[in-house]
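Chain identifiers are assigned alphabetically (A, B, ...) following the order of the sequence lines, protein sequences preceding nucleic acid strands; residue numbering begins at 1 within each chain. This structure is a prediction, so every number in the text was calculated from the model and none was measured.
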Number of protein chains: 2
Amino acid sequence: MAQSDTVDRILDAAEELFAERGFSETSLRMITSKAKVNLAAVNYHFGSKNALIHAVFARFLTPFSATLEKAFDDLEARCDGTPPTLNQTLWALTESAVRMPQRNEKGISIFMRLLGLAYTQSQGHLRKFLEQEYSEPFSRFMRLLKEATPQLSSVDRYWRIQFMLGATAFTMSSSDALRDILQNKLGVETSVQEIAARLVPFLAAGMQAQDTMLIPPPSTKVSVA
Amino acid sequence: MAQSDTVDRILDAAEELFAERGFSETSLRMITSKAKVNLAAVNYHFGSKNALIHAVFARFLTPFSATLEKAFDDLEARCDGTPPTLNQTLWALTESAVRMPQRNEKGISIFMRLLGLAYTQSQGHLRKFLEQEYSEPFSRFMRLLKEATPQLSSVDRYWRIQFMLGATAFTMSSSDALRDILQNKLGVETSVQEIAARLVPFLAAGMQAQDTMLIPPPSTKVSVA
DNA sequence: GGGCCTTTCAAACGTATGTTTGAAACAGAC
DNA sequence: GTCTGTTTCAAACATACGTTTGAAAGGCCC
């Protein structure tokens, strides 16, 4: 208990604060005082703030990527030979995320928000770390997407994947706030699973959209209903 | 020339640096040295760093929201009575953004990136400022979306709007990085206009997706091709 | 108990930040 | 030229940051 208690408390506090406020906006002093540990503990156990950021990501990304690999294995086994469909691939990913053992009820949205921040905040060291450590499941997901959308050009597919990533990371990362707004405005409760259930069809439809208009339509009279 | 020269140089430098690095990661010293003005000039002319951030947004958001209002006016006039379609509404927004008079060739992507950052980086003061100053065109856009998708339930529409926002904000906020990756991987150049031209069909298709699966499909054998 | 390694702690270090200051430079009006 | 209001400038201010230090405390084997 002694050794890892401090480490885990730091990781818990850092994870939550990073997700709430971003990396540069979260100081070690905020983290250590939330974790109720000494300021020097972060540098003692992790070495630096950047290394702490990496550790926060590694703690959920390592088991997640294992789960995901297994889900992809199962999926490909079930399809023996023929490539999985887009919906199947997206659901495999979604289920792996949702079914992950969570440390607390906010687990999933923190997880998503951190991924979004990793992409958005231009922290060079983080991007390098993630690319080095988790390139394999990422490439595999990309390959599955490619096989599930052979009709798309590489460029179209690339951008549509970015759009999917954005819709997902953004929505999941702010899902607490969004759920609250919805609760207040329409009086509806929404679980993360339900958001995912709404998101996947949206993504699949967007991914399979027919027309990529490379020239904006004239602003005058044409309606593209 | 004397007075506003310094002000504009500060705004130009700040705009570019904010878009490149984010708000907290950009110091006043970086801005003033890039603008070749004295450090104290920012506080003299704007009052504070936060006020400078607001000024950067106001400089492009005020003319943009005027352009947008006009575009919506035109659109509604052309449709006399019947509500504009989803595609028309999205294109009105996109065109207003793309056709805005730019200060330089990077104008549009800086503009987009800043909007993405505004949503992403949790700068409370910025969100408050934007809500106070630009709530009208935003509400109008929401109203048009509602009229263009009468088939959706309020809840579905709400979430799908969030998905659209996410895809847009996320893509735009990292669009430079994404363009670079694409350039290196596939050797393809991409303009902001082209990204927008790819994004709109994606969004429209997602928005109009038929099925909202409220229960995730069983992980065993069903394929939802 | 004494020795040894790990962990905690309060304090300090050096650096960077946003902001303020007071004097200097400049402008235009009379 | 001199006065007045505005703008620039170098310097300093107070504060916050990530990191380091050296001593104290704790656990564990013999």
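There is no side-chain donor-acceptor pair under 3.5 Å between A:S153 and A:Y158.
In this entry the distance linking CG of B:L17 with C1' of C:dG18 reads 16 Å, nearest Å. One interatomic measurement links the two molecules: CD1 of A:I31 to C1' of D:dC17, which rounds to 12 Å at whole-angstrom precision. To the nearest angstrom, P of D:dG27 lies 12 Å from CG of A:D5. For the pair B:R21 CZ and C:dA16 P, the interatomic distance rounds to 13 Å; values are reported in whole Å. Atoms CG (B:L28) and P (D:dT15) sit 18 Å apart, rounded to a whole Å. One can place CE of B:M30 at 10 Å from P of C:dA16, the figure rounded to the nearest angstrom. In this structure, B:E25 places its CD atom 14 Å from C1' of C:dA16, rounding to the nearest Å. Look at NZ on B:K49: it is 15 Å from P on D:dA16, rounded to the nearest Å.
Every residue two or more places apart in sequence or in another chain that forms a ring-ring contact (aromatic ring centres under 6.0 Å, His included) with A:F64 is listed here: A:F111. The ring-ring contact (aromatic ring centres under 6.0 Å, His included) search around B:F72 returns none, not counting sequence neighbours. Under the salt bridge (charged side-chain N to carboxylate O under 4.0 Å, His left out) criterion, B:K128 pairs with no residue at all, not counting sequence neighbours.
Backbone-only contact: A:T26 has heavy atoms under 4.0 Å from sugar-phosphate atoms and none from a base. Residue contacts for A:S24: at a heavy-atom cut-off of 4.0 Å it reaches no nucleic acid atom on any strand shown.
The environment of CD in B:E136 is sparse: at most 12 heavy-atom neighbours from other residues, nucleotides or ligands sit within 6.0 Å.
Annotated stems with DNA chain D as a participant read C:5-30 with D:1-26, given as range with range, by first number; only runs of 3 or more Watson-Crick or G-U pairs under 3.5 Å qualify.
Separating the CZ atom in B:F163 from the CZ atom in B:R160 is a distance of 8.0 Å, to the nearest 0.5 Å.
Set against C:dT20, C:dT7, D:dT8, the side chain of B:N43 has C:dT20 as its closest nucleotide. Nearest nucleotide to the A:T6 side chain, out of D:dT8, C:dT8, D:dT19: C:dT8.
Comment: A:E147 engages A:R143 in a salt bridge, judged by a side-chain N to carboxylate O separation of less than 4.0 angstrom.
Results of the side-chain contact (heavy atoms from CB on, under 4.5 Å) test with A:H54 over A:H125, A:E133, A:K49 single out A:H125 as the only residue that passes.
At the phosphate of D:dC17, OP1 or OP2 sits under 4.0 Å from a side-chain N or O atom of A:S27. Distances shown here put every side-chain N or O of A:H45 at or beyond 4.0 Å from the OP1 or OP2 atom of C:dT6.
Counting only residues at least two apart or in different chains, side-chain hydrogen bond (donor to acceptor under 3.5 Å, both in side chains) contacts with residues 29-44 of chain A are absent.
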Between the protein and nucleotides 9-14 of chain D, which nitrogen or oxygen pairs come in under 3.5 angstrom?
{"unit_1": "D:dA10", "atom_1": "N7", "unit_2": "B:N38", "atom_2": "ND2", "d": "3.4"}

